[in-house]
Amino acid sequence: MAHEAVEEGYEEEVVGRTAHTQWVPFAQALTGDLLFVDHRTDHYGEVGEIPFGDPEYLPLWPSMTLMLTDLYNAVEGSLPLPTARRRPAVHEGRMLE
């Protein structure tokens with residue numbers, strides 16, 4: 001998406017807002033929302049979300065370690081994630097939603 005925006009001349013609307021070549025997606029919701037790890041020098045290791053249809057990404061955690069800690073606590077306590085708008089759940093004892 002970022003490469004396409006550069007090639008087609010609308011880089012300012014996309015790169016660093018809804019896509020970047022140094023963002024590595026690792027999870028996707030059924031709605032199309034993506035979680036990614038940022039590998040840009042000034043944001044290295046941060047976890048962000050690209051909400052489907054929103055014009056800007058959302059920084060959620062300063063590191064993957066903090067994200068996993070929050071995720072563990074939320075699953076164990078049946079609580080919503082503090083920085084995301086979701087409550088994780090385990091289905092059939094094996095699938096994390």
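Keep in mind it's a predicted model, so treat the numbers as computed, not measured.
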Are any of the side-chain heavy atoms of V37 and M64 separated by less than 4.5 Å?
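When only atoms from C-beta onward are counted, M64 and V37 do touch, with a gap below 4.5 Å.
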Close side-chain approach of F36 and V47, heavy atoms under 4.5 Å:
no
Give a yes or no on whether [X] and [Y] share a hydrophobic cluster (residues Ile, Leu, Val, Met, Phe, Trp, Tyr; joining criterion: side-chain heavy atoms under 4.5 Å apart).
X   : Y   : value
L71 : L79 : no
L58 : F26 : yes
V24 : I50 : no

For Q22 and Y44: C-alpha separation, side-chain torsions, deciding distance, then whether side chain to side chain contact (heavy atoms under 4.5 Å, CB included) applies.
CA-CA 9 Å; Q22 292 182 314; Y44 192 82; over 6 Å; no
Only counting residues at least two apart or in another chain, list the ones meeting side-chain hydrogen bond (donor to acceptor under 3.5 Å, both in side chains) with [X].
X   : answer
D38 : W23, R40
H39 : none
E76 : none
R86 : D33, E49

Quiz: residues 88-97 side-chain donor-acceptor pairs under 3.5 angstrom, not counting sequence neighbours:
residue, atom, partner, partner atom, Å
H91, NE2, E97, OE1, 2.9
E92, OE1, R94, NH2, 3.2

Quick test of your reading: applying side chain to side chain donor-acceptor pair (under 3.5 Å), list the pairs with at least one residue in residues 64-73, sequence neighbours left out, ordered by first then second residue.
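Non-adjacent pairs meeting side chain to side chain donor-acceptor pair (under 3.5 Å): W61-D70.
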Ignoring hydrogens, what is the shortest heavy-atom contact between E56 and P51? Give both atom names and the distance.
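Looking at all heavy atoms of both residues, the shortest contact is O-CD, 3.8 Å.
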Rounded to the nearest 0.5 Å, what separates atom CE in M67 from atom CG in L35?
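It is 7.0 Å, given to the nearest 0.5 Å.
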